[in-house]
Amino acid sequence: MISFWKHPWVQGLGFGLISAGTVCFTFWFGDQLWPYSLPAWAQHIFWPASAINLVGLLWLGWRFFPWIWVSAPIVALVFGEPLVFSFVGATGNVLEALVGYLIVRKLGRVARGFDHTRSVLALMAASFIAPIPGTIVVPFWLFVERKMDFSQFGMAIWNWSFSNGTALILLSPLLLLLLRRPSVFSNVYGELLLWVAGVSTMTFLTCGAAFLDQGKNFVFLVFPVFILVAVKLGPQGAAAAGAAVMGSVYAALVFYASRMVPEHVPAAIWFTQAFCWVLAATGLLVAALVAERQLAQRYFVHAKARALAISLKEERARLDALRYQMNPHFLFNALNSLRATLPASNETSRKMVTELAGYMRATLSDPADNFSTVGEEMTLARQYLAIEQQRFPEDLKVVIAVAEGLEEQRIPIFLLQPLIENAITHSLAVHSGIMNLHIDVRVEKQHLKIEVANTGIWRTPDPSRRHLGVDNIRHRLQLMYGKEASLKFQIDQNWVRALIEIPYNDSTCAV
């Protein structure tokens with residue numbers, strides 16, 4: 001069954017029948033609204049067949065254009081028009097569809113829809129240029145048949161071109177979206193319905209004054225609402241709003257037609273078509289610009305994330321290069337041999353060598369990933385500080401406090417070491433007497449807070465020097481957690497505090 005509907009003859013016949021039905025609807029609608037018969041140059045508002053024919057060729061291919069002639073015998077049969085005249089009108093539709101296809105497909109490079117400024121500009125150009133061949137052919141035939149005065153010839157071309165072009169720009173974007181990407185509306189379906197209902201209601205109400213020629217024209221009030229829909233919902237919102245405006249204009253004509261003055265109808269038709277063209281063109285262009293800006297922002301964020309990842313890999317590579325410059329096993333064996341040569345009575349030296357061996361083993365070993373636990377980081381910190389306390393036995397006082405249950409919490413590896421080294425180096429350089437160093441790990445408001453605080457005064461960083469340790473921590477936090485993590489420094493009287501915040505999750509406690 002599916003293969004039957006995909007047969008070219010079936011698709012072509014369906015396309016031709018839909019095009020013919022649209023043409024018949026337009027003639028029937030005009031006859032119902034204006035039984036007193038308008039001039040030939042102002043017989044209808046909009047020409048939806050222009051959009052049907054263009055989208056049909058974009059969807060099926062330009063070789064399906066002969067099926068547009070199917071409308072000729074149908075219109076002749078239904079409305080009693082001469083068959084020759086019906087074929088002349090259908091030929092005008094064929095010329096318009098082919099020219100529009102050439103402009104939109106080749107210049108606009110339309111693939112999925114009118115969601116880029118280039119494709120929108122191409123559609124605008126097609127709405128101006130494509131109707132011209134057809135609107136020249138039909139009035140010329142009417143003039144030859146003496147059914148139109150030459151004085152009306154220019155007016156007919158102008159008005160019919162606007163009729164076809166306005167329908168083209170109002171209806172084509174929605175039809176093409178529904179054919180090629182019907183799921184594009186699924187994420188904004190409810191919100192889109194509300195906005196479209198608002199645009200439709202406002203169009204219906206404001207068109208009444210324009211049609212009745214009461215000297216009050218509020219149609220311009222539709223403009224800001226339409227633009228807001230285009231900005232908020234993008235090209236799909238602008239496409240749906242354009243089709244809704246066309247439907248509302250038809251509904252307003254049905255409601256107000258009986259009270260319209262026949263002499264004023266052509267002017268009202270011309271004004272409405274001109275306003276709708278400007279409205280749809282502006283909305284589609286704004287929506288395309290917004291979509292392109294959002295796409296550029298996504299590319300920028302992606303490029304920034306890639307740059308951070310590359311930077312982290314470079315830091316990792318440099319660290320690996322330093323590790324591979326020395327043989328860890330040789331270093332550990334040498335330290336253990338050195339410890340064995342020390343007399344048992346020299347407990348301080350033996351302990352210092354043991355702590356150094358443990359510290360070097362932890363820093364030079366290759367971790368399985370970029371994470372360790374709070375407990376492992378505290379062990380590394382204690383080994384490093386044990387060595388420093390041998391250097392400054394009277395001047396360095398250390399307090400380490402880890403809240404209960406956080407020993408197994410996973411955190412980025414080597415997160416504290418640069419901060420501890422900075423605290424000791426800078427504090428001892430500017431501080432005389434006892435230096436207090438406090439390391440505190442706790443949870444507050446679903447964030448793991450790690451604080452390294454030392455007594456002393458804040459030293460303004462030298463801008464001419466690179467601060468690799470602190471910069472590396474910030475880069476890693478941003479890469480791993482984004483905006484949810486931070487490293488801040490606080491000055492609290494005689495204390496300098498480095499505070500790290502990262503998201504806390506109970507599930508990460510299981511290693």
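Residue numbers count from 1 along this sequence. Predicted model only: the values in this text are computed from it and were never measured.
Here the shortest heavy-atom pairing between Pro133 and Val99 reads CG-CG2, 4.2 Å. In this structure, Gly242 and Leu170 approach most closely via the heavy-atom pair O-CD2, 3.4 Å. Taking all atoms of both residues into account, the shortest heavy-atom contact from Met202 to Val225 is SD-CG2, 3.7 Å. Heavy atoms only, all atoms of each residue included: Ala305 and Leu479 are closest at O-CD1, 4.2 Å. Nearest heavy atom pair, residue Val120 against residue Ala281, reads CG1-O, 4.5 Å. Heavy-atom minimum distance, Thr22 versus Ile18: OG1-O, 2.8 Å.
Remark: side-chain polar atoms of Ser119 are paired, donor with acceptor, to backbone N or O of His116 under 3.5 angstrom. At distances below 3.5 Å, not a single donor-acceptor pair connects side-chain atoms of Gln273 with backbone N or O atoms of Thr166. Between the side chain of Ser172 and the main chain of Ile169, no donor-acceptor pair closer than 3.5 Å is present. Between the side chain of Arg118 and the main chain of Leu107, a donor-acceptor pair closer than 3.5 Å is present. No donor-acceptor pair under 3.5 Å is formed between the side chain of His475 and the backbone N or O of Ile473. Without hydrogens or angle criteria, Ser163 side chain to Asn159 main chain gives no donor-acceptor distance under 3.5 Å. Between the side chain of Arg476 and the backbone N or O of Ile413, at least one donor-acceptor pair lies under 3.5 Å. Distance alone, capped at 3.5 Å, is enough to place a donor-acceptor pair between the Ser71 side chain and the Ile68 backbone.
More than 12 heavy atoms of other residues, nucleotides or ligands lie within 6.0 Å of CD in Gln32, so this atom counts as buried by the packing criterion. Heavy-atom neighbours of Arg259 CZ from other residues, nucleotides or ligands within 6.0 Å: above the threshold of 12.
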Test log, rule side-chain contact (heavy atoms from CB on, under 4.5 Å), inputs Leu95 and Ile132: CA-CA 9 Å; Leu95 293 174; Ile132 294 176; over 6 Å; no

Applying side-chain contact (heavy atoms from CB on, under 4.5 Å) to Glu408 and Val374, what does each step give before you reach the verdict? CA-CA 6 Å; Glu408 300 300 316; Val374 171; over 6 Å; no

Yes or no on ring-ring contact (aromatic ring centres under 6.0 Å, His included) for Trp277 and Phe128, after CA distance, side-chain angles and deciding distance? CA-CA 10 Å; Trp277 188 95; Phe128 268 122; 4.9 Å; yes

Would Trp67 and Trp9 satisfy side-chain contact (heavy atoms from CB on, under 4.5 Å), going step by step from the backbone distance to the final call? CA-CA 10 Å; Trp67 289 101; Trp9 282 91; 3.4 Å; yes

I would like to know whether Thr26 and Phe46 meet side-chain contact (heavy atoms from CB on, under 4.5 Å); could you show each step before the answer? CA-CA 8 Å; Thr26 305; Phe46 305 138; over 6 Å; no

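Taking SG of Cys24 as the reference point, atom CZ of Phe79 lies at 5.0 Å (rounded to 0.5 Å). Taking CZ from Arg410 and CD1 from Ile502, the interatomic distance works out to 11.0 Å, rounded to the nearest 0.5 Å. Atoms CZ and CZ, on Phe275 and Phe220 in that order, are 9.5 Å from each other to the nearest 0.5 Å. Atom-to-atom distance recorded for Ile52:CD1 and Leu57:CG is 11.5 Å, nearest 0.5 angstrom. Here CZ of Phe489 is found 5.5 Å from CG of Leu419. Values are rounded to the nearest 0.5 Å. Rounding to the nearest 0.5 Å gives a distance of 7.5 Å between NE2 of His447 and OG of Ser486.
Only one option out of Asn164, Leu171, Leu168 pairs with Pro48 in a side chain to side chain contact (heavy atoms under 4.5 Å, CB included); it is Leu171.
Side-chain contact between Leu499 and Ile450: absent, with no pair of heavy atoms (C-beta onward) separated by less than 4.5 Å. Residues Asn53 and Phe15 have side chains in contact (heavy-atom distance under 4.5 Å, counting atoms from C-beta outward). The shortest side-chain heavy-atom distance between Pro173 and Leu123 falls under the 4.5 Å cut-off. Residues Trp195 and Leu228 have side chains in contact (heavy-atom distance under 4.5 Å, counting atoms from C-beta outward). Side-chain contact between Leu60 and Trp62 is absent, with no heavy-atom pair separated by less than 4.5 Å. Under the 4.5 Å side-chain criterion, counting only non-hydrogen atoms from C-beta, Thr282 is in contact with Val278. Two residues are said to be in side-chain contact when any heavy atoms from C-beta on lie closer than 4.5 Å; Ile411 and Glu377 meet this criterion. Side-chain contact between Arg293 and Leu289 is absent, with no heavy atoms from C-beta onward closer than 4.5 Å.
Defined by atom type and a distance below 3.5 Å, a donor-acceptor pair is present between the side-chain atoms of Trp47 and Asn93. Between Thr117 and Glu292, the side chains place a donor N or O and an acceptor N or O closer than 3.5 Å (distance only, hydrogens not considered).
Ion pair Lys488/Glu501 not flagged as a salt bridge, since none of the NZ, NE, NH1 or NH2 atoms sits closer than 4.0 Å to an Asp/Glu carboxylate oxygen.
Annotation: salt bridge (charged side-chain N to carboxylate O under 4.0 Å, His left out) contacts involving residues 66-80, sequence neighbours excluded, are absent.
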Anything under 3.5 Å between a donor and an acceptor, one on a side chain of residues 296-304, the other on a protein residue two or more places apart or in another chain? List them.
none

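Aromatic pair Phe204/Phe255: ring centres closer than 6.0 Å.
By the ring-ring contact (aromatic ring centres under 6.0 Å, His included) test, Phe29 pairs with Phe25, Tyr250, sequence neighbours left out.
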